Amino acid sequence: MAMTAERSRADAEAFVASHLPAGWTPDGPPDPDTAAEWYATAGAAGWTVPEWPRDHGGLGLDAPGASAVHAVLAEHHADLPVHHFVPVKLIGPAIMAWGTKTQQRRYLPGIATGADMWCQLFSEPGAGSDLASLATRALWDDDAGHWVVTGQKVWSSFADISGYGMLLARTDPDRPKNAGISCFLLDMSSPGVTVRPLRQITGEQHFCEVFLDRVAVPADALLGPRDDGWRVAMSTLAAERSGLSEESGASGVPLAPLLALASDTGAWQDGTVRDRLAAVVATERALSLTNLRVQADPAGSGGAGGSVTKLVQSELSQQIAELAYTVAGTRAALWDAAAPTPWAEELLDSRRFTIAGGTSEIQRTIIGERVLGLEREPDPNRGLPWREVKRG
């Protein structure tokens, strides 16, 4: 939709002014019911998903326009909570691209209004960076007329509060490991699904492991063609990497609080600190401009632009967290048993950024091969049927 970012911002501000429920504070909703009321209203009108096409419930805005809308909602603490990144940015677009009309009508409205939470069921204990090695099996039961899924997933963010999951499972072990994989839309309340949260270094528990014990999955839960789930997964992961790097605060640590802290404490007067501040500011600006290029031509560099920005964003977020911890000084390290200080929590939490969404090592391999044109890394298992591949 051709509309300037300024016009998008003005329209969003007008909608918020006329529809935000009474009692909404600068810090957000007064209670969960009020929040649900607002998300339902805003989602039904497309404001929570302005980048989605209009025929799928969005506003059809371009990247600058959608960013302007999200900025307005964020200013009022009225955007969907951050954990809805997965359904809004990853699952929803995958269903638009690969789903049937029935699947789109069934699932997209709940994602837009925040009524339905989703998780990704991709990684496994033996298939993280090498996702194509996944061993979760989906067998078709002719008599029952459904798939039977058995296996284990891990590092599934917010699986414990998700009603649905996007699941990768192997449907043909006689094909090479990147083939013979299918994608399913799983009801997490299905018998045989067990979710176990994992405690993180920060003390939080939003990563989970998920056990699948002969879970019955209906035929109409298949997303995309049978045995072609790898292409579905790759389009989803590309969207994840691009989305994670849209700005330094998208999934990482925002830059503005660090700059304010350095000014308030006078730390900016230290030449070494000032040099480090200048470096992160320059990197953040370069990242922002690179994101604009990727958004303008997402297929450029063989579609690997998201890997470039994801790599930079992950490492930049860690640099910001480390510098903020240094600038805060001893008060950052002093906390009671209840919880770490904000600076310590950001420092600890930032460790995950170079792992989540594809490790930095994997991103560098993608960049080397698809952007720089380097020779592909040798794979002795290339072309072998999955069942013949040796696994540790």
Side-chain angles (χ1 to χ4, degrees), residues 32 35-60 66 79-81 83-122 136 138 140-141 144-149 153 156-169 171 181-193 195 208 210 212 215-237 239-240 243:
E37 173 192 346
W38 161 252
Y39 296 137
T41 300
W47 291 101
T48 57
V49 287
E51 63 276 13
W52 285 15
R54 282 189 172 275
D55 56 357
H56 289 307
L59 298 178
D79 211 349
L80 285 171
H83 56 267
H84 282 267
F85 170 86
V86 171
V88 168
K89 296 290 189 178
L90 310 182
I91 310 296
I95 293 174
M96 293 179 217
W98 297 96
T100 64
K101 294 296 184 183
T102 299
Q103 290 172 332
Q104 292 167 356
R105 288 193 297 268
R106 178 180 178 184
Y107 297 117
L108 292 180
I111 293 175
T113 61
D116 295 331
M117 183 60 197
W118 287 71
C119 62
Q120 276 182 295
L121 300 172
F122 283 16
T136 294
W140 178 253
D141 186 328
H146 61 229
W147 296 93
V148 178
V149 178
K153 299 293 179 176
S156 301
S157 297
F158 304 108
D160 56 331
I161 60 171
S162 293
Y164 300 96
M166 184 176 176
L167 168 71
L168 291 182
T171 45
I181 295 173
S182 297
C183 187
F184 300 91
L185 303 176
L186 176 69
D187 185 337
M188 295 292 286
S189 66
S190 302
V193 177
V195 179
C208 302
V210 179
L212 306 155
V215 179
V217 178
D220 62 4
L222 183 67
L223 180 65
R226 175 175 175 171
D227 297 331
D228 202 15
W230 187 249
R231 284 203 300 149
V232 180
M234 289 302 97
S235 65
T236 306
L237 289 174
E240 179 178 17

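Small disclaimer: the values here were computed from a predicted structure and weren't measured.
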When you measure from the side chain of [X] to the backbone of [Y], do you find a donor-acceptor pair of N or O atoms at a distance under 3.5 Å?
X      : Y      : result
Ser182 : Ala169 : no
Trp52  : Val88  : yes
Thr171 : Ala138 : no
Thr100 : Gln103 : yes
Lys153 : Val210 : no
Gln120 : Met166 : no
Gln104 : Gly99  : yes

State, with a plain yes or no, whether a side-chain heavy atom of [X] is found less than 4.5 Å away from one of [Y].
X      : Y      : answer
Leu186 : Tyr164 : no
His83  : Ile161 : yes
Leu168 : Leu121 : no
Leu167 : Leu212 : yes
Phe85  : Leu90  : yes
Cys119 : Met188 : yes
Trp147 : Arg226 : yes

Shortest non-hydrogen contact from [X] to [Y]?
X      : Y      : result
Ala112 : Val49  : CB-CG2, 3.9 Å
Gly114 : His84  : O-CE1, 3.4 Å
Val232 : Cys183 : CG1-SG, 3.9 Å
Pro218 : His146 : CA-CB, 4.2 Å
Gly92  : Leu108 : O-CD2, 3.7 Å

**Asked** Does any pair with a residue in residues 183-193 pass side-chain hydrogen bond (donor to acceptor under 3.5 Å, both in side chains), and if so which ones, sequence neighbours excluded?
**Response**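 Listed once each, the pairs are Asp187-Ser189.
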Quick check for you: to the nearest 0.5 Å, what is the distance between [X] atom [atom1] and [Y] atom [atom2]?
X      : Y      : atom1 : atom2 : result
Thr102 : Asp220 : OG1   : CG    : 8.0 Å
Asp228 : Ile181 : CG    : CD1   : 10.0 Å
Trp140 : Leu222 : CH2   : CG    : 9.5 Å
Thr236 : Ile91  : OG1   : CD1   : 6.5 Å

**Prompt:** ring-ring contact (aromatic ring centres under 6.0 Å, His included) with Tyr39: which residues, sequence neighbours excluded?
**Reply:**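 Applying ring-ring contact (aromatic ring centres under 6.0 Å, His included) to Tyr39 gives none.
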**Asked** Does any donor atom in the side chain of Trp98 or Ser235 lie under 3.5 Å from an acceptor atom in the other side chain?
**Response**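 Note: Trp98 and Ser235 side chains meet the donor-acceptor criterion.
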**Request:** Kindly assign one of parallel, tilted or perpendicular to the pair Tyr107 and Trp118, based on the angle between their ring planes and the thresholds 30° and 60°.
**Result:**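 Ring orientation, 0 to 90° scale: perpendicular.
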